[in-house]
2 protein chains.
Amino acid sequence: MTVTIYDVAREANVSMATVSRVVNGNPNVKPSTRKKVLDVIERLEYRPNAVARGLASKKTTTVGVIIPDISNIFYAELARGIEDIATMYRYNIILSNSDQREDKELQLLDNMYGKQVDGIILMSDQVTGDLLKKMGHSPVPIVLAGSIDETNIIPSINIDYLQAAYEAVKRLIVNGHTRIAFVSGPFTATINQNYKYAGYKKALAEAGIAVDENLVVAAEDSYDSGIEDWSELNKLENAPTAFFAGSDELAIGIIHGAQDAGKKVPEDIEVISFENSKLARMVRPQLTSVVLPLYDIGAVSMRLLTKFMNKETVEKEIVILPHRIEERDSVK
Amino acid sequence: MTVTIYDVAREANVSMATVSRVVNGNPNVKPSTRKKVLDVIERLEYRPNAVARGLASKKTTTVGVIIPDISNIFYAELARGIEDIATMYRYNIILSNSDQREDKELQLLDNMYGKQVDGIILMSDQVTGDLLKKMGHSPVPIVLAGSIDETNIIPSINIDYLQAAYEAVKRLIVNGHTRIAFVSGPFTATINQNYKYAGYKKALAEAGIAVDENLVVAAEDSYDSGIEDWSELNKLENAPTAFFAGSDELAIGIIHGAQDAGKKVPEDIEVISFENSKLARMVRPQLTSVVLPLYDIGAVSMRLLTKFMNKETVEKEIVILPHRIEERDSVK
DNA sequence: CTGAAAGCGCTAACAC
DNA sequence: GTGTTAGCGCTTTCAG
């Protein structure tokens with residue numbers, strides 16, 4: 001019922017090998033026989049079976065993508081960058097959510113290996129030892145997108161989070177603030193604890209401001225958490241006058257928390273964010289924010305992966321993309 | 001180098017068939033030999049090759065998902081529902097973006113067929129004749145998620161958009177409005193033109209209000225477009241006092257457009273949205289909105305697809321999920 | 001430029 | 001309970 005390469009060969013009076021050649025664009029085929037084969041292919045509506053091809057050639061032209069949560073706008077943007085470049089290079093993507101659970105990540109890696117993907121892109125807030133170990137045994141190349149492996153063994157694409165955080169906080173210090181809060185997502189995320197927080201401390205230290213542990217809160221990375229965090233922080237007898245938020249949702253939560261309590265932004269408090277998703281412009285005041293080039297990180301990751309899959313030589317396996325601060329209205 | 005079922009068979013002194021049986025949980029294996037095989041599998045770190053299995057069994061346990069744009073929060077939510085249920089039933093997902101272009105949708109369908117997916121979930125704002133035709137030739141079951149096929153031939157999961165729109169507009173009419181705008185995404189989307197707009201007209205008609213074409217604008221479905229649309233509408237000599245927005249972004253755009261011009265919501269104008277994404281709570285005032293159960297639509301779609309793939313008999317192929325209006329503060 | 005033939009790694013009858 | 005044996009549909013030497 002389904003038409004195979006054999007059917008085409010028979011109808012066109014050529015061998016399977018020849019059909020295979022025309023299907024794969026092999027130039028060693030006489031134009032006339034190529035045309036003959038193409039005609040039969042069209043007439044029979046022949047469509048190559050990618051599974052059979054994968055088994056024979058040991059290439060599936062699909063890559064596995066392990067992502068914490070595709071419904072999170074942050075990761076969705078990364079995923080789009082990945083998919084666009086994948087399409088450009090004719091790869092398909094198998095997408096799986098890990099919910100940031102190590103056991104699922106491990107299991108998904110095995111699953112991807114079993115599916116014989118040609119490469120893998122992993123996004124994870126915390127690249128643990130077990131993960132690293134399993135990736136070390138990977139039969140295919142892997143690259144981390146927007147995720148950090150502190151051992152520097154797995155190729156990855158990121159920005160300089162520490163420097164970016166440092167600049168963001170400095171932006172607040174320049175405005176005269178000394179009581180600056182750091183409202184972050186969980187410190188289980190390497191980037192939060194070892195990079196953004198480090199950048200925060202560096203900026204304060206440089207300005208001679210002591211770190212007040214009461215001003216750093218690392219809870220959930222969500223809008224509601226931002227509201228709560230503001231409320232807690234505002235109860236302090238020496239409440240912060242400026243906020244460095246780890247994400248747009250957190251920043252918006254802080255702003256709304258403050259506004260709902262009658263404060264004005266940026267007059268009474270200033271807040272700088274770290275993300276610059278489309279949400280950044282959808283609040284009043286609009287968010288001043290470090291811009292995290294999520295789409296680009298995804299795209300560059302996939303591009304790098306294609307190089308590995310083609311066994312091209314790559315110069316830099318750990319790439320740091322540029323960042324900048326988009327000035328809007330939540331900071332004076 | 002890679003260990004195959006044959007290696008395991010040899011090491012365990014059994015046949016490939018037996019190894020296959022234990023791998024696939026076939027009960028016809030003596031416990032002792034099962035254990036023996038399992039031990040070898042573990043020792044050799046054997047991992048079944050899904051591609052070979054797919055070729056032999058004609059099942060790939062993967063389903064294709066064609067989505068307009070995964071970076072759009074609306075579709076990302078749908079996708080999450082799909083993926084969760086897929087995982088539950090041990091299916092993997094091949095995800096591709098169509099950017100709502102018919103040519104890409106057509107090409108992606110062919111691509112999915114070629115990859116031998118066991119089923120397909122399609123999201124599309126406009127199910128054209130050509131699409132329908134290609135789906136009619138599909139070798140595998142297809143279900144539409146949050147997308148309408150007006151010929152009712154392809155199974156689909158939706159809510160009653162017309163009724164929901166009707167209720168939303170009625171909610172505004174009850175508050176005394178007679179100048180009610182309908183700010184929509186493009187009318188190329190079936191749901192916008194044939195359902196939401198129809199619901200809008202029905203509600204007006206029932207209240208004896210004539211439809212004023214100047215009050216219906218179907219441009220882009222985006223935040224910026226919402227701002228612009230408000231601005232245009234407000235220039236009318238008899239400007240609208242209430243707005244029925246086709247999406248949260250549009251609603252927020254309208255609200256910010258109005259607020260930036262000094263108007264108050266809901267005092268000066270009222271707006272009701274149609275989506276209820278997480279954004280709905282991230283504005284002031286928070287959006288009163290029809291709740292579109294995106295995650296559920298995705299989940300139910302995938303569940304339905306599993307039934308088709310298992311050749312179970314299904315009672316209803318066209319399912320309509322319930323909806324409701326979430327009352328918040330953008331409507332009095 | 002084209003064909004023959006040997007697999008790729010696994011499942012699925014069918015025997016025993 | 002377990003083994004034998006065909007394929008699944010295609011790519012890939014190797015000849016010629």
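Letters A, B, ... mirror the listed sequences (proteins, then strands); counts begin at 1.
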Does [N] have OP1 or OP2 sitting under 4.0 Å from an N or O in the side chain of [X]?
X	N	value
Lys58(A)	dT12(D)	no
Ser57(B)	dC10(C)	no
Asn24(B)	dT11(C)	yes
Thr18(A)	dG3(C)	yes
Thr33(B)	dT2(D)	yes
Arg53(A)	dG9(D)	no

Integer-rounded Å distance: [N] [atom2] and [X] [atom1]:
X	N	atom1	atom2	result
Tyr6(B)	dT4(D)	OH	P	10 Å
Asn26(A)	dG3(C)	CG	C1'	14 Å
Ile5(B)	dG3(D)	CD1	P	12 Å
Arg21(A)	dA4(C)	CZ	C1'	11 Å
Met16(B)	dA6(D)	CE	C1'	11 Å
Lys115(A)	dG9(C)	NZ	P	18 Å
Lys36(A)	dC1(C)	NZ	P	14 Å
Leu55(B)	dC10(D)	CG	P	9 Å

- Inter-axis angle, terminal five-pair segments of the helix from dC1(C)-dG16(D) to dC16(C)-dG1(D) [nearest 10°]: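 End axes: 30° apart.
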- Query: Looking across every strand, which nucleic acid part, if any, lies under 4.0 Å from Asn49(B) by heavy atom: base, sugar-phosphate, or nothing?
  - Reply: sugar-phosphate
- Item | Sugar-phosphate only, base, or nothing, as touched by Val14(A) at under 4.0 Å among non-hydrogen atoms |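 The residue Val14(A) makes sugar-phosphate contact but no base contact.
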Candidates [options] - which lies nearest the side chain of [X]:
X	options	answer
Asn28(B)	dG7(C), dA12(C), dG1(D)	dG1(D)
Ser15(A)	dA4(C), dC10(C), dT11(D)	dA4(C)
Lys30(A)	dC1(C), dG9(D), dT11(C)	dC1(C)

- So which heavy atom on Ile320(B) is nearest to which on Ile159(B), and how close? CG2-C, 3.8 Å
- For the student: nearest non-hydrogen atoms of Asp118(A) and Lys59(A), plus distance: OD1-CA, 3.6 Å
Between [Y] and [X], is there a salt bridge with N-O shorter than 4.0 Å?
X	Y	value
Asp39(B)	Lys35(B)	yes
Asp130(B)	Lys134(B)	no
Arg10(B)	Asp7(B)	yes

- Query: Should Asp103(A) and Arg101(A) be marked as a salt bridge (Lys or Arg N to Asp or Glu O under 4.0 Å) after you check the CA-CA gap, both sets of side-chain angles, and the distance that decides it?
  - Reply: CA-CA 6 Å; Asp103(A) 58 332; Arg101(A) 281 173 37 200; 2.8 Å; yes
- Please determine, by modelled atom types, if Asp69(A) and Gln100(A) share a side-chain donor-acceptor pair under 3.5 angstrom.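 Distance-only check fails for Asp69(A) and Gln100(A).
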- Item | Distance (rounded to the nearest 0.5 Å) between Arg34(A) CZ and Asn28(A) CG | 9.0 Å
